[in-house]
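Numbering of ligands and ligand atoms starts at 1, following listing order.
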Amino acid sequence: MLKSTLNHGEQGITSSHPSLYKTGPNLYRLLCCKCSVICYVNETTFQRASRAILAGADNPFFCHNCEEEPEVWLFAE
Ligand SMILES: [Zn+2]
C-alpha cells in the first residue's frame, strides 16, 4: 500500500478523501453517518457505502471531521 500522497498538504485532487464540495473525482454525495453533513466522495467510496447500506448495514461513511478509523476504508476492498 503506497502512502506517498499522505504528506501533500496542497489543495488539489485527493482521490480517496471526501470533500465538502464537488471536486476532482469526488462527484458522489454521501451524508456523514454521525453529523449528517453532506460530503462528496469518489466512486469507490460511494460504492462501498452503497453496498453496506443496500446490505442492510448502517451508513458506514464518516466525514473527515468525524472520521475515527480511516483504516476501515483502506482494507475495505
Ligand atoms: Zn461528520
Side-chain angles (χ1 to χ4, degrees):
M1 191 72 71
L2 292 175
K3 295 191 173 181
S4 60
T5 59
L6 284 181
N7 291 325
H8 289 207
E10 308 152 38
Q11 189 173 15
I13 294 175
T14 53
S15 60
S16 60
H17 295 287
S19 54
L20 295 175
Y21 44 88
K22 195 179 288 188
T23 180
N26 294 347
L27 301 173
Y28 300 84
R29 282 201 310 183
L30 274 182
L31 287 179
C32 173
C33 66
K34 199 167 180 182
C35 68
S36 294
V37 72
I38 294 175
C39 286
Y40 288 91
V41 300
N42 63 21
E43 185 174 10
T44 302
T45 301
F46 180 76
Q47 286 179 345
R48 286 174 184 170
S50 295
R51 270 207 303 270
I53 293 167
L54 288 173
D58 290 334
N59 177 5
F61 177 70
F62 290 91
C63 72
H64 66 284
N65 286 326
C66 302
E67 198 171 36
E68 291 171 345
E69 297 182 79
E71 300 87 32
V72 166
W73 295 105
L74 293 179
F75 65 69
E77 275 298 327

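- Closest of all the heavy-atom pairs between P18 and F62 is CG-O, 4.4 Å.
- Shortest non-hydrogen contact noted between P60 and A52 is CG-CB, 3.8 Å.
- No donor-acceptor distance shorter than 3.5 angstrom exists from the side chain of N59 to the backbone of I53, with no hydrogens or angles considered.
- Two residues are said to be in side-chain contact when any heavy atoms from C-beta on lie closer than 4.5 Å; F61 and T45 meet this criterion.
- Residues H17 and N26 have side chains not in contact (no heavy-atom distance under 4.5 Å, counting atoms from C-beta outward).
- Each protein N, O or S atom less than 2.8 Å from the Zn ion (ligand 1) was counted, giving 4.
- For F46, the side-chain contact (heavy atoms from CB on, under 4.5 Å) partners two or more places apart in sequence, or in a different chain, are Y28, L30, V41, S50.
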